[in-house]
There are 2 protein chains.
Amino acid sequence: MSRAQPRGSRQGRAGIRDVAAAAGVSITTVSDALNGKGRLPDATRRHVREVADRLGYRPSAAARTLRTGKSGLIGLTVTTYGDEPFTFTEFAYFAEMARAATSAALARGYALVILPATSRHDVWSNVALDGTVVIDPSDHDPVVTELARQGLPIVSDGRPTGAVPVTAWVDNDHEAAVLNLLDHLAAAGARRIGLLTGTSTDTYTRLSTSAYLDWCERVGQEPVYEAYPAHDPCAGAVAADRLLARPDRPDAVYGLFDPNGTDLLAAARRYGLRVPDDLLLVCCSESTVYAATEPPVTTLSLKPRRIGTAVVQLLIDAIEGIASDRPVEQVIPTELIVRASSQRRSPRTTISPPRSPSGQ
Amino acid sequence: MSRAQPRGSRQGRAGIRDVAAAAGVSITTVSDALNGKGRLPDATRRHVREVADRLGYRPSAAARTLRTGKSGLIGLTVTTYGDEPFTFTEFAYFAEMARAATSAALARGYALVILPATSRHDVWSNVALDGTVVIDPSDHDPVVTELARQGLPIVSDGRPTGAVPVTAWVDNDHEAAVLNLLDHLAAAGARRIGLLTGTSTDTYTRLSTSAYLDWCERVGQEPVYEAYPAHDPCAGAVAADRLLARPDRPDAVYGLFDPNGTDLLAAARRYGLRVPDDLLLVCCSESTVYAATEPPVTTLSLKPRRIGTAVVQLLIDAIEGIASDRPVEQVIPTELIVRASSQRRSPRTTISPPRSPSGQ
DNA sequence: CGATCTTGCAGAAACGTAACTGTCAACGCG
DNA sequence: CGCGTTGACAGTTACGTTTCTGCAAGATCG
């Protein structure tokens, strides 16, 4: 008894052995009582729990992680375009997605760590992760490669290209979404549909653009598009202007990125084009501002909340070794929220009461 | 796939003792060589480093955290309104702030963990934090109290009210910002300024509203305001409509929340009010869409990037015990971005009678 | 030339927890 | 009455680091 004396470390927080001493039991009993593990009478369990509460005992997360090999942390990696750690343009999408992902992780007892793909390696290796969500991984992302080499589960938002070794992925059917959207515009009377796209090579931009080109070829329309670096908001306004200034000006435009809607509206005003009478408009956005613009703009929603939730569920299933019935390759349907900007005959009166945005 | 098993005969990844064995040195030497700690000749350092690389050795973050007591993780706590883990309305602000915070943390070797204030306690105690950023802590936030009891540094975005024990805080001078903004509107010709505010009791809403009331009393104007639950985007549109439907309709409005600008623009159109001729408009927003609306809307920016950076710098200073010269209570200036919506002389209007009270 | 100092490294003690392996009494059973 | 069984714990080891202490061998010095 005198041998196992609690050292003079009264300074720090109460440890498990302080609780054991105060409760008059062994460390094992405390651990079992608090974790509901061993076979103990309820009286002992209650007693230990009460003493632990009284001492304000909190188990050390580091020690638990070291012992069990599970940290309860999952990484959220964001691809980067500029020198900033996050994507700027897709941020409404990312924000919603991250929000849903955090929510879903939390519900299962995990926390999310934000880790830009370009971050220094020492930061990555300094945090114990149980797995990672990767948003739109590039072809030979060194971070993903390294994580896979460590044997960590990886789930990506966006289907992986090339040899990216992911455990599972979730994505929209971008091609189908674009084709459907272009058909919608054509049905509304568009004769020549233009595209506002990006110069980067991420999957979303690439698939959407090639779907547009395919569609053009199918219906025999000459492609009319402008590409700009999507991370630069000013470049988007300039590109919108350029698109409407072309001699072969389109009578309908689809913008791939969130701010394209307002930029195109502004450009249309500058050229005296009425929307939707002279120009039909659709853009991909998760923002609710397009419900209240003049006119309201039809948007394509990628359902980031569903994606964020699905990605996290798949990842945690993989971490916990659960043989879930969820498919490891999930395609989330998109939603076209049709508003006045893509309908030739607008039924809206100017005095209609505000409507709640559909979706969700 | 990659089953390059070093001769350590250990099942998992290579540990420090595998490196030591492979390099023919002791564990101490490996640790010192990799961390640049002890006194070793460069030859040994290089050799150890090379062997570690060859084995793909990554030190265990959990073990390091357990030993050193530092995890390199800082929490980012977000107050919650609804059942979702994040604030919805202030999300543009939050997104920018979180982005800057992540960036700043990363630059100093730390990573950010997103932890909603309402999360279950076991998640909080399951992650080893070195400190926490708290956004707009409420009066007796149990999470903050618990973290403070553990002796963790806490820095808040928004000055703490009551007895919230924070190490430091960063905030805007909301009162000054609102007063300045109202003066700006009055100088532009506003006779009766309305306010679109929230029903929640967070510091931002409270301070801004009381500043508005103070200003009204000072200049002798009857307050004209509508309050709505800020987390509900639909309620915002309704409240904007109500505000302009009042018999004592204001000729200028300040909206406290991000979507108020587009909602007010839409409401003004419904009532046939021209902006800025019949109605001056300002809203608090970090969004760039207001540069491209019709007309462009004057916005108040709270400078979330500066706040996020400042908060993280203060927190890491406190964690590392650096006696920095930074003040522990920082006030970040706001910026009023003046656009057409708050200026009476508009180049586009040709024959507008000044202030015709009712539209149509 | 012995005493002291430096250099270069090895041994071992923590860090706080979870889990495996005893131990000891009470108990049922043939 | 002997014997396996079970309940209720205690002892101890291992997780993978960092770091404090120790200890030879060579360098320096009075």
Side-chain angles (χ1 to χ4, degrees), chain A residues 1 3-21 23-48 51-52 55-72 122 125-128 130 150, chain B residues 6 8 10-21 23-48 51-52 55-72 122 125-128 130 150:
Chain A
M1 180 173 287
R3 186 172 68 88
Q5 196 159 15
R7 307 159 324 285
S9 63
R10 184 55 70 187
Q11 54 192 21
R13 301 165 21 202
I16 194 175
R17 87 182 115 243
D18 297 321
V19 177
V25 296
S26 76
I27 293 180
T28 306
T29 305
V30 174
S31 178
D32 284 349
L34 295 182
N35 297 339
K37 276 294 175 67
R39 34 183 197 191
L40 302 176
D42 280 351
T44 308
R45 244 178 248 281
R46 240 183 332 227
H47 177 227
V48 168
V51 170
L55 296 187
Y57 166 70
R58 301 275 168 252
S60 151
R64 172 174 302 188
T65 300
L66 177 60
R67 187 66 240 257
T68 63
K70 259 79 185 79
S71 67
D122 56 330
S125 61
N126 233 346
V127 38
D130 290 345
Q150 288 180 26
Chain B
R10 274 269 176 252
Q11 53 184 13
R13 349 248 141 278
I16 195 174
R17 88 183 112 242
D18 298 320
V19 178
V25 295
S26 77
I27 293 181
T28 307
T29 305
V30 175
S31 179
D32 284 350
L34 295 182
N35 296 339
K37 275 295 177 64
R39 29 181 205 199
L40 302 175
D42 280 352
T44 308
R45 276 216 155 81
R46 246 184 328 234
H47 177 229
V48 168
V51 170
L55 296 186
Y57 166 70
R58 301 275 169 248
S60 151
R64 173 176 304 196
T65 299
L66 178 59
R67 185 63 238 249
T68 62
K70 258 80 186 79
S71 66
D122 57 331
S125 61
N126 234 346
V127 39
D130 290 345
Q150 287 181 26

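Letters A, B, ... are given to chains in the order of the sequence lines, protein chains preceding strands, and every chain is numbered from 1.
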Legend entry - Residue list, side chain to side chain contact (heavy atoms under 4.5 Å, CB included) with S71(B), at least two apart or on another chain: T65(B), L73(B), A128(B), D130(B)
Inset, instruction - Output the single nucleotide from dG16(D), dT17(C), dA10(C) whose closest atom is nearest the side chain of L66(B). - result: dG16(D)
Legend entry - Residues that S31(A) engages under side chain to side chain donor-acceptor pair (under 3.5 Å), provided they are two or more places apart: none
Inset, instruction - Report yes if at least one side-chain N or O of T29(A) is closer than 4.0 Å to OP1 or OP2 of dA10(D); otherwise report no. - result: yes
Inset, instruction - Tell me which nucleotide among dC9(D), dG8(C), dT17(D) gets nearest to the side chain of L40(B). - result: dG8(C)
Inset, instruction - Five pairs at each end of the helix from dC1(C)-dG30(D) to dG30(C)-dC1(D): take the axis at both ends and give me the angle between them to 10°. - result: 50°
Legend entry - Qualifying residues under side chain to side chain contact (heavy atoms under 4.5 Å, CB included), relative to I27(A), sequence neighbours excluded: I16(A), R17(A), A20(A)
Inset, instruction - Select from G24(B) and A63(A) the residue whose nearest nucleotide in DNA chain C is closer to the 5' end of that strand. - result: G24(B)
Check: protein-nucleotides 19-22 of chain C nitrogen or oxygen pairs below 3.5 Å:
| unit_1 | atom_1 | unit_2 | atom_2 | d |
| --- | --- | --- | --- | --- |
| dA19(C) | OP2 | K37(A) | NZ | 3.2 |
| dA19(C) | N6 | T28(A) | OG1 | 3.3 |

Legend entry - Taking every non-hydrogen atom, the tightest pair across V25(B) and V48(B): CG2-CG2, 4.1 Å
Legend entry - Residues that S60(B) engages under side chain to side chain donor-acceptor pair (under 3.5 Å), provided they are two or more places apart: none
Legend entry - Of all pairs that satisfy side-chain hydrogen bond (donor to acceptor under 3.5 Å, both in side chains), the ones with a partner from residues 33-45 of chain B, not counting sequence neighbours: none
Inset, instruction - Name the nucleic acid region contacted by R45(B), choosing base, sugar-phosphate or nothing; use a 4.0 angstrom heavy-atom cut-off, strictly under. - result: nothing
Legend entry - S26(A) side-chain N/O to dA10(D) phosphate OP1/OP2 under 4.0 Å: yes
Inset, instruction - Could you tell me which residues satisfy side chain to side chain donor-acceptor pair (under 3.5 Å) with T68(B), sequence neighbours excluded, listed by chain and number? - result: none
Inset, instruction - Describe the nucleic acid contact of T65(A) in one word from base, sugar-phosphate, nothing, applying a heavy-atom distance below 4.0 Å. - result: nothing
Inset, instruction - Applying side chain to side chain contact (heavy atoms under 4.5 Å, CB included), name anything that partners Q150(B), two or more places apart in sequence or on another chain. - result: R13(A), R58(A), E146(B), L152(B)
